[in-house]
Amino acid sequence: MCRSKEAWEQFVFTPKPLPRRLSRAAALSSFFSFESRRQEVEPRRMDSLVTGMATSVGIAATAAAAAPMRVSNLLAMAMMPPVTGPPPAPPTAQAPAESPQNAAGQATGVATATAGGPPASGRPPEWGFLDLMFPGFAADSFIWRVSVLQVSEFIGSLLLGSTMGTPKLCSLYLLGASWGPAIASGSFWRLFLPMTLHANTLHIFFNVFFQLRIGFGMEKQFGRRRFCLIYLFCGFLGNLLSVAADPMKLAVGASTSGFGLIGVWAAEVLLKWDTMGTSRPRVFMWFAFMLLNCVLMSTVSSNVDFMGHFGGALAGFLIAIILADMQEEHQPEWYGKAKTSAKAATALITFCALLKVMTLTPGGPIPYCGTIFFPRLLPL
């Protein structure tokens, strides 16, 4: 009826008088049929509007959550009885009945509550900060819990020993930082624990922000168990390849798992490339831009672990293909061969990297930093 947003906001639904033989139940069912038809049409139009607005400010991922709220608010506004104008003619039925205006008002309140809209007397709900910054936010998700653990570990590393707001090297080592000679001596937990440690405030901020930004949606897509496996395996293989390439460095950070999530995206695009159609150029440009940023970020400083980033992305790419479960009609011709090749490549890379670390990495030196309860006081 009204196509533009401005016209829809000014639109007021005026209920018509009931016929003589139309009962109150029939009036309510007629109203609900109008309500359901309007909700079938309006969300699609509002989806495109909110998506366009969100894209312009760089938060297009929140459009799916924004549209239903906006639509319910507009429905509540549009279905309000008119304030001015002549009252409708009362029905001439013998039995006393409520006026059509009151019946429509009650039906409006029921329909709004059913659709999840705000109450007529209250203010519309506001978007939470976490929902806006991290689409699909869920406090019981794995990615949120591991992020809280990482922040807690960073605070613990500062309390264990810090200099100018930066954890000391011995603090990171005692909490499980990656160190080649220690891993070669049997400390294999140092291939996992570096995912929870960070070198400074900016390091943990960017890593946690990135993984929360894309992690909630990916966890819902794969499920909690699969996403947990993906996250941990990417961190493990990234740290393993980092130690195999250069064992004499102390490495920490969740960026190995973060780059693994990018590898998962790359595998998903590869598997669905034939079904993308006209969106291929945009997807290709997006990945080229992302790849350029990752390379620049990994080479801009000598302290950045490029091999760890590459290993994490490679692990995410391989395990995403292994865990892929596409419908048969959407599978490319090489789908089976890709899964077999990914399994073989994962096993070969993991075995070779472990073999190199265990046989060619020197067994020392091992830093003497004391214990967690009695750390050694060092200037760095």
Side-chain angles (χ1 to χ4, degrees), residues 43-44 47-48 51 54-55 60-65 67 134-136 138 141-143 146 210-238 240-241 255-295 309-354:
R44 290 195 294 269
D47 283 343
S48 59
T51 302
T55 305
T62 60
F134 311 119
S141 61
F142 168 80
I143 191 64
V146 76
F210 176 78
Q211 68 183 20
L212 289 179
R213 183 68 179 174
I214 67 175
F216 289 110
M218 192 171 292
E219 183 171 346
K220 290 181 179 180
Q221 176 184 354
F222 286 93
R224 180 175 300 177
R225 292 184 178 180
R226 286 191 174 187
F227 181 79
C228 178
L229 175 61
I230 291 172
Y231 188 91
L232 295 179
F233 180 74
C234 292
F236 162 76
L237 190 58
L240 179 61
L241 294 181
S255 53
T256 51
S257 298
F259 274 78
L261 302 184
I262 298 178
V264 172
W265 268 354
E268 186 176 2
V269 170
L270 177 64
L271 293 175
K272 297 181 179 179
W273 184 257
D274 295 337
T275 61
M276 289 185 177
T278 57
S279 61
R280 293 178 184 177
R282 289 180 297 173
V283 174
F284 178 78
M285 291 298 298
W286 184 90
F287 263 98
F289 177 75
M290 180 66 70
L291 180 62
L292 179 62
N293 285 339
C294 293
V295 172
H309 292 173
F310 172 77
L314 178 62
F317 180 82
L318 294 175
I319 196 172
I321 295 178
I322 295 174
L323 298 178
D325 188 17
M326 298 181 64
Q327 297 179 359
E328 186 175 357
E329 59 270 17
H330 296 154
Q331 295 177 3
E333 297 179 357
W334 40 268
Y335 181 75
K337 295 181 179 179
K339 293 179 72 70
T340 303
S341 301
K343 294 177 182 178
T346 301
L348 181 62
I349 293 173
T350 304
F351 175 78
C352 293
L354 282 174

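Every value quoted in this text rests on a predicted model; they were computed, and no experiment measured them.
Distance CZ/Phe259 to NE2/His309: 4.5 Å, rounded to 0.5 Å. The CZ atom of Arg280 sits 14.5 Å away from atom NZ of Lys272, with the distance rounded to the nearest 0.5 Å. Taking CD1 of Ile319 as the start and CD1 of Ile230 as the end, the distance is 5.5 Å to the nearest 0.5 Å. To the nearest 0.5 angstrom, Ser279 atom OG is 8.0 Å from Trp273 atom CH2.
A pairwise comparison of heavy atoms in Glu219 and Ile143 identifies OE1-N, 3.2 Å as the closest pair. A pairwise comparison of heavy atoms in Gly260 and Cys234 identifies CA-SG, 3.6 Å as the closest pair. Looking at every heavy atom in both residues, Ala342 comes nearest to Ile321 through CB-CG2, 3.9 Å. Considering every non-hydrogen atom in both Met326 and Gln331, the closest pair reads O-NE2, 2.9 Å. Closest of all the heavy-atom pairs between Leu271 and Ala324 is CD1-CB, 3.6 Å. Closest heavy-atom contact between Phe222 and Phe227: CB-N, 4.3 Å.
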- So Leu240 and Thr350, side chain to side chain contact (heavy atoms under 4.5 Å, CB included) or not? Walk me through it. CA-CA 8 Å; Leu240 179 61; Thr350 304; 4.3 Å; yes
- Starting from the C-alpha separation in whole Å, work towards a yes-or-no answer on side chain to side chain contact (heavy atoms under 4.5 Å, CB included) for Cys228 and Leu232. CA-CA 6 Å; Cys228 178; Leu232 295 179; 3.8 Å; yes
- Could you walk me through whether Thr346 and Phe233 pass the side chain to side chain contact (heavy atoms under 4.5 Å, CB included) test, one step at a time? CA-CA 11 Å; Thr346 301; Phe233 180 74; 3.4 Å; yes
- Task: Kindly determine whether Phe284 and Val269 satisfy side chain to side chain contact (heavy atoms under 4.5 Å, CB included), including the steps that lead there.
- Result: CA-CA 9 Å; Phe284 178 78; Val269 170; over 6 Å; no
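No donor-acceptor pair closer than 3.5 Å links the side chain of Gln211 to the backbone N or O of Gly258. Of the possible donor and acceptor atoms, none in the side chain of Lys343 sits under 3.5 Å from a partner among the backbone N and O of Ile322. With Tyr231 contributing its side chain and Val146 its backbone, the two residues share no donor-acceptor pair below 3.5 Å. At least one donor-acceptor pair closer than 3.5 Å links the side chain of Arg226 to the backbone N or O of Leu323.
The aromatic rings of Phe216 and Phe134 lie tilted to each other, with the angle between the two planes from 30° to 60°.
Partners of Ala138 by side-chain contact (heavy atoms from CB on, under 4.5 Å), not counting sequence neighbours, listed by chain and number: Asp140, Ser141. Residues satisfying the side-chain contact (heavy atoms from CB on, under 4.5 Å) test with Ile349, not counting sequence neighbours, are Leu237, Leu241, Leu314, Leu318.
Other residues, nucleotides and ligands contribute at most 12 non-hydrogen atoms within 6.0 Å of the CD atom of Glu328. In the displayed structure, Phe310 atom CZ is contacted under 6.0 Å by at most 12 heavy atoms of other residues, nucleotides or ligands.
The side-chain heavy atoms of Phe317 and Ile262, taken from C-beta on, include no pair separated by under 4.5 Å.
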